[in-house]
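Following: one structure in structure tokens, then a few remarks.
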Amino acid sequence: MAPTQRVLKDRRTKNLTRRLKPGDIAVIHHADLDTTAARGLIDNKVSAVVNAAPSITGRYPNRGPALLIDAGIPLIDDAGDEAFNRIHDGIGGYIDGNCLRLADGQCIAGELITAPTLNAKLDAARSNLNVELDHFARNTLAFLDNERGLLFDPVDTPQLRTQMSDRHVLIIVRGEGYKADLAMLGDYLRDVRPILLAVDGGADALLEAKLKPDIILGDMDSVSDVALRSGAELIVHGYPAGDGRGAPGLERINELGLSAKVFYAQGTSEDVAMLLSDELGARLIVAVGTHFSLEEFLDKGRCGMASTFLTRLRIGSKLVDAKGVARLSERRRPHLSELVLLVFAFTTPIIAVAVLSPMGQVLLQWMTVWFQHAIHGRH
């Protein structure tokens, strides 16, 4: 019998990743497992993942399951709602083939995803991508009419203590590739010292990178209490009147005894962060981990990209991707031949002055005599 591991479950994968420890078995309920969630599970070094929902529904070729398989983490798929509800959070268990065997004797069975089955599911999903793209494009065009105010309407921004005027603003979203983007920006962060504006869980990404956010903006549903208490200026994303959602993050801020401004604006929180930076006079907006590809939008469960499209139209060339900034600011390591030439160019004038001076000539004659005696002495 295999050694038992702690089994933890949550219907929201991003909430579960906050509790996981290396070796745990993660039980999730996540249809079309996305790359960000998969990387969170991998970073927590889970021993296995059991998904109550289909990890690949066939809507589009999501890459989350492939990341788990490549990392050597077993994935038992589509175990079902009833099985998910039977699992007691924190119970012991171990993986036995396509079954999660629990300490209470239950067997939570599903489909064990292997490389061949994964490839077959992804191939089927790719064949459906044209249909999904058509739906996505139609929804985007439909939403453009409702959200066109993002392009033309004036924005009522809150008064902040952080001054953005004529500064660079780095917006960090905990999206695909955010760690690599941050790692590439070392020179830029050190030389320019931009304002660090985190969108929800992006604040924890900054703390992991030993950076402190200046501002945290969002619904406050995927950011840790530690990050919220880090001293950053807090801005809750509020939705316009008639939307029905209000400012959902304000309740959590009040429960923590913290204070925050509310910024009412259409769009996603990352769009609103860009809009705020632009309105407050940022000279350049650098985006880390933000979403713009079709796969990323489908990963986030969005049926359209109207707000993102309009926001980027409004901001224009002021917005750049972090990868571009990193490539512009990177410092190429010099070749050995370049170092030799540099040393030669530096030392040649010193040697010339020393040889032409009276003291240098005496020293040169002394060295010549010493060298001749040394050679004769060997014979």
Indicate yes or no: does Asp89 engage Arg19 in a salt bridge with an N to O separation below 4.0 Å. yes
Tell me if the CG atom of Asp166 is crowded by more than 12 foreign heavy atoms within 6.0 Å. yes
Can a donor-acceptor pair be found between the side chains of Glu279 and Thr157 at a distance below 3.5 Å? no
Rounded to the nearest 0.5 Å, the CE atom of Met274 sits from the CG atom of Leu197 at a distance of 10.0 Å
Asp24 bridged to Lys21 by N-O distance under 4.0 Å: no
What's the separation between atom CG in Leu258 and atom CD1 in Ile253, rounded to the nearest 0.5 Å? 5.5 Å
Side-chain heavy atoms under 4.5 angstrom apart, residues restricted to Ile, Leu, Val, Met, Phe, Trp, Tyr: same cluster for Tyr178 and Leu207? no
In terms of relative ring orientation, are His168 and Tyr188 parallel, tilted or perpendicular, with 30° and 60° separating the classes? tilted
Side-chain H-bond candidate by donor/acceptor type, His29 with Asp10, under 3.5 Å: no
Taking side chain to side chain donor-acceptor pair (under 3.5 Å) as the test, write out the residues that go with Asp219, two or more places apart. Tyr239
Just by distance, no angles: are the side chains of Asn44 and Thr17 close enough, under 3.5 Å, to form a donor-acceptor pair? no
Quick check on the hydrophobic clustering: are Leu41 and Ile69 connected, directly or via other members, by side-chain heavy-atom contacts under 4.5 Å? yes
Residues Ser277 and Val169: closest non-hydrogen pair is OG-CG1, 3.5 Å
Check the surroundings of atom CZ in Arg86: do more than 12 heavy atoms from other residues, nucleotides or ligands lie under 6.0 Å from it? yes
Please list all pairs meeting salt bridge (charged side-chain N to carboxylate O under 4.0 Å, His left out) that have one or both residues in residues 222-232, counting only residues at least two apart or in different chains. Asp225-Arg252
Taking CD in Glu208 as the centre, count heavy atoms belonging to other residues, nucleotides or ligands within less than 6.0 Å. Is the count above 12? yes
Side chains of Asp214 and Thr162: do they bring a donor and an acceptor to under 3.5 Å? no
Taking every non-hydrogen atom, the tightest pair across Lys212 and Leu196: O-CD1, 3.4 Å
